[in-house]
2 protein chains.
Amino acid sequence: MSKVDNKPKRFTEVLDAAAEVFAEKGYHGASTTDIADKLEIKQAGIYYYFKSKDSALAEVCRLGVQGYVERLIVISQADLSADRKIREAIREHMQPFHDLPNYVQVFQYERRYLAGESRAEVNKLASKYEGELCRLFEAGVAAGDFRQDLDCKLATLALLGMCNSVTVWYDGKSKKQIQRIADHFADFIIDGILR
Amino acid sequence: MSKVDNKPKRFTEVLDAAAEVFAEKGYHGASTTDIADKLEIKQAGIYYYFKSKDSALAEVCRLGVQGYVERLIVISQADLSADRKIREAIREHMQPFHDLPNYVQVFQYERRYLAGESRAEVNKLASKYEGELCRLFEAGVAAGDFRQDLDCKLATLALLGMCNSVTVWYDGKSKKQIQRIADHFADFIIDGILR
DNA sequence: ATAAAATTTTATTAAGTTATAAAATAATAC
DNA sequence: GTATTATTTTATAACTTAATAAAATTTTAT
């Protein structure tokens with residue numbers, strides 16, 4: 001269940017349908033008819049809620065990134081060791097994979113089809129998030145917790161790539177499952193796999 | 001059937017154009033006109049080379065995975081420690097990101113739009129590759145090189161996700177660069193980032 | 001119950017899509 | 001240089017698509 005600001009319930013249902021269809025078929029592979037079908041209304045009906053197909057994508061993407069930066073900043077300011085912060089960040093990063101998988105997936109894979117303004121907006125957020133994450137690694141190096149020669153930018157990209165790939169195969173069975181995955185992934189990147 | 005290698009040069013050019021356009025705009029976002037434009041011929045002209053747009057995607061995807069399983073098997077049979085094999089596998093995995101980025105990207109992101117036969121074919125290869133990779137981790141655990149409690153399946157997925165994400169931001173400047181990335185990523189997953 | 005507001009349908013437009021077939025042109029072989 | 005083959009163009013068919021406007025219907029508030 002996604003809560004969309006304070007807009008009426010029906011608006012959320014339509015947005016959910018769009019997110020679902022975009023996630024399943026891709027933005028260009030999905031038609032406005034597909035969205036309408038899912039809602040059991042006629043194709044033209046969805047234009048009561050959206051100005052265009054493109055704006056529907058923008059809205060879904062926006063909700064797909066929503067809160068990520070804020071949650072990461074909270075973690076970065078917490079009184080924790082660098083490796084604990086990374087662990088916590090991974091958990092927080094993956095939680096939405098369970099809670100709003102379609103929105104996150106669409107943000108991840110379809111945001112590149114956004115145009116102009118809305119594209120810049122979500123990319124800016126993604127960029128900020130990446131930067132914040134990178135600073136977590138840098139803090140770990142500065143504190144002497146992480147290797148001195150660590151390429152923090154590369155570690156950031158590795159972590160993000162690793163984590164984000166989960167959305168492709170995660171089946172969304174239980175909340176416990178996603179946390180288990182998060183913790184294992186944290187082990188991989190922090191401790192490695194050697195005995 | 002590696003068509004490209006023994007078919008006339010022009011066929012390769014058309015396939016390259018398809019790969020480029022599919023990578024750039026996505027399969028559904030790309031039109032046959034886009035492909036033709038890139039070749040400076042008319043839209044109908046590409047049907048001399050392909051039965052359908054779908055078959056072009058199938059061919060691009062096939063070339064995108066081509067050789068992956070074979071190269072991994074060579075590594076798995078080599079006389080190397082488990083962690084060395086993983087390192088080597090990552091290098092080999094990433095080399096095509098430099099050599100044929102469009103084909104690999106299309107395989108990664110667009111293969112899901114393939115239908116029936118061709119979809120099953122590439123997925124089978126991807127599955128086999130994943131299995132082989134997993135066995136590398138299992139061998140490491142069995143040999144006592146890796147942690148006894150390692151979730152090998154999860155490690156496999158983590159590694160693949162991490163590595164594959166590189167195609168999104170890699171700019172293809174030099175061969176050295178991709179090897180540097182590969183080696184760093186190997187460090188991350190094998191040794192972790194702790195000091 | 002009735003007016004107002006919200007939602008959905010019907011009907012339509014204009015543009016873009018893949019794919020085919022036949023004709024035209026260019027390249028190569030003899 | 002002509003015949004043969006390879007490649008590209010022209011023309012077009014059959015669909016699908018996003019989006020608009022007005023009418024119809026349903027829901028909500030008074």
Side-chain angles (χ1 to χ4, degrees), chain A residues 3-61 106 110-119, chain B residues 3-61 106 110-119:
Chain A
K3 79 171 147 163
V4 182
D5 301 332
N6 45 5
K7 291 257 177 76
K9 186 181 135 212
R10 187 58 170 163
F11 190 88
T12 308
E13 286 172 8
V14 175
L15 205 62
D16 283 350
E20 190 177 339
V21 171
F22 289 161
E24 195 180 305
K25 301 187 158 192
Y27 175 69
H28 284 117
S31 69
T32 52
T33 305
D34 291 329
I35 301 172
D37 283 352
K38 192 132 285 180
L39 295 160
E40 295 184 290
I41 61 173
K42 303 288 170 173
Q43 182 262 340
I46 70 157
Y47 285 89
Y48 178 71
Y49 299 95
F50 295 116
K51 204 188 96 251
S52 64
K53 189 187 170 190
D54 184 83
S55 73
L57 176 62
E59 192 61 14
V60 171
C61 287
V106 171
E110 311 299 327
R111 97 181 105 113
R112 69 184 180 125
Y113 301 121
L114 284 173
E117 182 94 25
S118 50
R119 184 204 180 103
Chain B
K3 275 184 181 170
V4 162
D5 305 55
N6 43 14
K7 279 238 171 165
K9 185 180 134 212
R10 186 59 170 163
F11 190 89
T12 307
E13 286 172 8
V14 175
L15 205 62
D16 283 350
E20 191 177 339
V21 171
F22 289 161
E24 196 179 303
K25 300 188 159 192
Y27 175 68
H28 284 116
S31 69
T32 52
T33 305
D34 292 329
I35 301 172
D37 283 353
K38 192 133 285 181
L39 295 160
E40 294 182 292
I41 62 173
K42 303 288 168 169
Q43 181 264 340
I46 70 156
Y47 285 89
Y48 178 71
Y49 301 94
F50 295 116
K51 203 187 98 252
S52 64
K53 190 188 169 188
D54 184 84
S55 74
L57 176 62
E59 192 61 18
V60 171
C61 287
V106 171
E110 311 300 325
R111 97 182 105 114
R112 71 184 179 125
Y113 301 121
L114 283 173
E117 181 93 26
S118 49
R119 184 205 181 104

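Throughout, protein chains are lettered first and strands after them, A, B, ... in sequence-line order, and every chain is numbered starting at 1.
In terms of position on DNA chain D, the residue among A:Gly29 and B:Ile41 whose nearest nucleotide sits closer to the 5' end is B:Ile41. Of the two residues contacting DNA chain D, namely B:Gln43 and A:Ser31, the nearest-nucleotide position lying further toward the 5' end is that of B:Gln43.
Taking atom CD of B:Glu13 as the reference point, atom C1' of D:dT8 lies 14 Å away to the nearest angstrom. Between A:Asp37 atom CG and D:dT16 atom C1' there is a gap of 14 Å when expressed in whole angstrom units. Going from atom NZ of B:Lys42 over to atom P of D:dT12 covers 15 Å, rounded to whole Å.
Pair assignment for D:dT30 gives C:dA1, based on Watson-Crick or G-U wobble hydrogen-bonding distances that are each under 3.5 Å.
Residue A:Lys53 has a polar side-chain atom (N or O) positioned under 4.0 Å from OP1 or OP2 of D:dA18. The side chain of B:Tyr48 contributes an N or O atom lying less than 4.0 Å from OP1 or OP2 of D:dT7.
Within the 4.5 Å cutoff, side-chain heavy atoms of A:Val14 are placed close to those of A:Phe50. Between A:Ile46 and A:Lys38 the shortest side-chain heavy-atom distance does not fall below 4.5 Å.
One side chain, B:Gln43 or B:Thr32, offers a donor N or O that lies under 3.5 Å from an acceptor on the other.
Ring-centre distance between A:Phe11 and A:Tyr48: not below the 6.0 Å cut-off.
Residue A:Ala30 is classed as a sugar-phosphate contact, given heavy-atom separations below 4.0 Å to backbone atoms only. No contact: B:Ala36 has no heavy atom under 4.0 Å from any strand.
Chain A approaches DNA chain C over the interval C:dA6 to C:dA11, counting the first and last nucleotide 5' to 3' with an atom under 4.0 Å from its heavy atoms.
In this structure, B:Arg119 contributes its side chain and B:Arg112 its backbone to a donor-acceptor pair below 3.5 Å.
Ring geometry for A:Phe22 against A:Tyr27 counts as perpendicular: the plane angle is over 60°, on a 0 to 90° scale with 30° as the lower cut.
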